Amino acid sequence: MEERTRAYLRGRFRDYYRRTTITPPPAANEREWGYIPWTEGPGTTMVRHRSLLELGALEDFLERKRPQHVYFSAGRYTDPGASSMSEKEWRSSDLVFDLDADHLPSVTLGEDSYAEMLAKCKDALGRLLDFLEDDFAFEDLEIVFSGGRGYHVHVRDDGVRHLDREHRREIVDYVRGIGLEYDELIETETVSGLGRKTPTERRTLKIDGGWGRRTHRYFMAFVDELLEMDEEDALARLQEFDGIGEGKATATLNAARNNREGIESGNVTVHTAISQLAERFADTAVERDNAPIDEPVTTDTNRLIRLPGSLHGGSALAVRRIDRDDLADFDPMVDAVPETFVGHEITVDVDRGGELELGGEPITISEGAQTLPEYVAMFLMARGRAEKEKE
């Protein structure tokens, strides 16, 4: 990045902070703070181990330093400004989740556009929130667009703030479906009564919530798909599974036809073939419904995370808090564009052009010197795709 470009970004970041009210996180004085300045050279140097007391009033600090990136700690400490973690005296930590589009299995780097990557990341965010709100019943959640490649979720329920790394890892494993065992999703009861000489065991898939509900949903969708097919197609579909030949396929199809109501209630002992088939859909549920979070972020009780309201130095987009009710309509390519950069045009020399979806309309960027809307030019400069030209 050329010095002219760096100076322009730094100056416009200052203008943004002059016009923006930043709401700090809860217990801001108990957290460590860090930032990355607009330094020369290819490397970035993090300034950290600062308390809010040392930085001064947050908005004054941001306007004065106009940093490239700003962070605060998930952890709360007795002495957040101490130079070593042991001296800080850890007290508690938020439970933080990070979804990064670059790490999603559904994203194809080099093929998916920036907007497409973020859309897929938002889908993964929905799955994560399903776990946090439904499976864990967390209530104190803050959802944040990171300003870059994804989303953060901060959980601040009292019951999680004192969890150690190992217990946080168990939560990670759960939402990612790591180590999920089908038998853990089954309730077993002994059934006896008229007509039964000996008690029998009934195995029921837990369908009220959790991975059992997810497994059951995919299994029932498959069962209903089978029942809508003619017999020849249904038997052929069943035989696509490893270990299912013609005989087992016939038994499975008959059991599904005769016992759909029982299967829908979770009873997987209506037939051995049904039980064996249902087990396969636990893997389907994990593959499709897991939340591919960045594990080190969640397990690290000392993690630094981006400050909502600040600017992301790699995109010139804002780190946005998102109300839960507004999430469905949130579009980062529109809603994270700072108003400060809208309504102006500047001249830049574009090194790498292409299609860009920013501000609500697709834009075709050519290479070379040109005048662009400032928010587009800021995005390109921050991402290393353009340099500031003299006006």
Side-chain angles (χ1 to χ4, degrees), residues 12-37 46-48 50-77 80-81 91-99 122 125 128-129 132-133 138-158 160-161 297 302-332 334-342 375 378:
R12 292 299 279 151
F13 272 41
R14 178 184 57 194
D15 293 337
Y16 169 83
Y17 286 121
R18 281 176 174 169
R19 304 175 187 182
T20 303
T21 299
I22 304 292
T23 303
N29 290 327
E30 300 174 12
R31 301 179 186 271
E32 176 190 349
W33 291 77
Y35 64 95
I36 297 177
M46 167 78 79
V47 178
R48 60 175 302 178
R50 299 292 190 270
S51 67
L52 193 57
L53 181 63
E54 293 173 287
L55 297 183
L58 185 57
E59 291 176 0
D60 291 344
F61 159 77
L62 293 172
E63 182 181 336
R64 184 176 70 255
K65 290 291 187 180
R66 62 263 196 192
Q68 188 175 4
H69 306 276
V70 189
Y71 307 90
F72 67 93
S73 67
R76 307 182 190 191
Y77 309 96
R91 298 170 63 183
S92 67
S93 291
D94 303 340
L95 183 66
V96 178
F97 297 87
D98 178 27
L99 286 164
K122 187 179 175 183
L125 172 64
L128 173 61
L129 292 173
L132 301 183
E133 295 173 332
F138 293 144
E139 296 180 349
D140 192 350
L141 304 180
E142 182 174 81
I143 306 166
V144 179
F145 170 60
S146 72
R149 297 169 301 191
Y151 294 87
H152 302 152
V153 179
H154 303 249
V155 180
R156 299 191 173 110
D157 290 52
D158 290 340
V160 303
R161 284 174 38 205
V297 173
N302 303 314
R303 193 76 176 193
L304 297 184
I305 199 79
R306 289 188 183 277
L307 172 67
S310 67
L311 291 177
H312 190 298
S315 68
L317 296 176
V319 182
R320 291 281 194 230
R321 287 187 178 94
I322 310 167
D323 287 340
R324 185 66 175 93
D325 293 340
D326 297 334
L327 180 59
D329 296 326
F330 179 79
D331 181 354
V334 176
D335 299 320
V337 173
E339 287 292 330
T340 303
F341 308 147
V342 175
Y375 66 88
M378 292 283 287

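On a predicted model such as this, the values are computed, not experimentally measured, just so you know. Numbers here are sequence positions counted from 1. For the numbers below, each heavy atom of this structure counts, side chains included, while hydrogens, waters and symmetry mates do not.
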Peer 1: Could you work out, with salt bridge (charged side-chain N to carboxylate O under 4.0 Å, His left out) as the rule, every residue matching E133, not counting sequence neighbours?
Peer 2: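 E133: salt bridge (charged side-chain N to carboxylate O under 4.0 Å, His left out) contacts with R324.
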
Peer 1: State the CG-CZ distance between L95 and F138, to the nearest 0.5 angstrom.
Peer 2: 6.0 Å

Peer 1: Which heavy-atom pair separates T20 from G309 by the least distance, and what is that distance?
Peer 2: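 So the two residues come closest at CG2-O, 4.3 Å.
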
Peer 1: Do Y17 and S310 make a side-chain contact, defined as non-hydrogen atoms from C-beta onward lying under 4.5 Å apart?
Peer 2: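 The answer is yes, as the side chains (C-beta and beyond) meet within the 4.5 Å cut-off.
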
Peer 1: Would you mind listing every side-chain hydrogen bond (donor to acceptor under 3.5 Å, both in side chains) that reaches into residues 55-66, with sequence neighbours excluded?
Peer 2: R18-E63

Peer 1: Which heavy atom in T340 sits nearest to a heavy atom in R12, and how many Å separate them?
Peer 2: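 Nearest pair, atom of T340 first, then R12: O-NH2, 2.9 Å.
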
Peer 1: Could you give the distance from CG (D158) to CD (E139), rounded to the nearest 0.5 Å?
Peer 2: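 One finds 10.5 Å between CG of D158 and CD of E139.
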
Peer 1: List in chain and number order the residues that pass side chain to side chain contact (heavy atoms under 4.5 Å, CB included) with E339, two or more places apart in sequence or in another chain; answer none if no residue qualifies.
Peer 2: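 E339 satisfies side chain to side chain contact (heavy atoms under 4.5 Å, CB included) with V342 only.
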
Peer 1: Within the distance-only criterion (no hydrogens, no angle test), does the side chain of R156 pair as donor or acceptor with the backbone N or O of D94 below 3.5 angstrom?
Peer 2: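 A pair under 3.5 Å: no.
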
Peer 1: Of all the heavy-atom pairs spanning G75 and Y77, show the shortest one and how long it is.
Peer 2: O-CE1, 3.5 Å

Peer 1: Please round to the nearest 0.5 Å and tell me the distance separating atom NE2 of H152 and atom CZ of R306.
Peer 2: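 It comes to 7.0 Å.
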
Peer 1: Anything under 30° is parallel, anything over 60° is perpendicular, the rest tilted; go ahead and classify F72 against H154.
Peer 2: parallel

Peer 1: State, to 0.1 Å, how close R76 and A27 come at their nearest heavy-atom pair, and which atoms those are.
Peer 2: NH1-CB, 3.7 Å

Peer 1: State, with a plain yes or no, whether a side-chain heavy atom of E32 is found less than 4.5 Å away from one of R50.
Peer 2: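 No. Closest side-chain heavy atoms not under 4.5 Å.
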
Peer 1: Does F61 have any ring-ring contact (aromatic ring centres under 6.0 Å, His included) partners at least two apart in sequence or in another chain, and if so, which?
Peer 2: Y35

Peer 1: Please name all residues satisfying ring-ring contact (aromatic ring centres under 6.0 Å, His included) with F13, sequence neighbours left out, ordered by chain then number.
Peer 2: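 With neighbours one apart ignored, the set is W38.
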
Peer 1: Just verifying a value: how many Å separate L132 CG and L125 CG, rounded to the nearest 0.5 Å?
Peer 2: 9.0 Å

Peer 1: Measuring from L304:CG to Y71:OH, what's the distance to the nearest 0.5 Å?
Peer 2: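 Separation between the atoms: 8.5 Å.
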
Peer 1: Does the side chain of L58 reach to within under 4.5 Å of the side chain of L52, using non-hydrogen atoms?
Peer 2: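 They are in contact (side-chain heavy atoms under 4.5 Å apart), so the answer is yes.
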
Peer 1: For a side chain to side chain contact (heavy atoms under 4.5 Å, CB included) check, start with the C-alpha distance between K122 and L99, then their side-chain angles and the critical distance, and finish with the verdict.
Peer 2: CA-CA 9 Å; K122 187 179 175 183; L99 286 164; over 6 Å; no

Peer 1: Tell me the closest heavy-atom pair linking A316 and L311, and the distance in Å.
Peer 2: O-CD2, 4.2 Å

Peer 1: Are L62 and P67 packed together at the side-chain level, in the sense that at least one heavy-atom pair is separated by less than 4.5 angstrom?
Peer 2: yes

Peer 1: Is atom CD of E54 surrounded by more than 12 heavy atoms (other residues, nucleotides or ligands) closer than 6.0 Å?
Peer 2: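 More than 12 heavy atoms, drawn from other residues, nucleotides or ligands, come within 6.0 Å of this atom.
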
Peer 1: Going by ring-ring contact (aromatic ring centres under 6.0 Å, His included), name the residues that satisfy it together with Y375, two or more places apart in sequence or in a different chain.
Peer 2: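 In terms of ring-ring contact (aromatic ring centres under 6.0 Å, His included), with neighbours along the sequence ignored, Y375 is linked to no residue.
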
Peer 1: What pair of heavy atoms forms the shortest contact from I322 to V144, and how long is it?
Peer 2: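 Residues I322 and V144, closest heavy atoms: CD1-C, 4.4 Å.
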
Peer 1: Could you go through the side chain to side chain contact (heavy atoms under 4.5 Å, CB included) check for V319 and L307 one step at a time?
Peer 2: CA-CA 7 Å; V319 182; L307 172 67; over 6 Å; no

Peer 1: To the nearest 0.5 Å, what is the distance between CZ on R48 and OG on S73?
Peer 2: 8.5 Å

Peer 1: Between R303 (side chain) and V96 (backbone), is there a donor-acceptor pair under 3.5 Å?
Peer 2: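 No; zero donor-acceptor contacts below 3.5 Å.
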
Peer 1: Is the backbone of A28 close enough, under 3.5 Å, to the side chain of W33 for a donor and an acceptor to pair up by distance?
Peer 2: yes

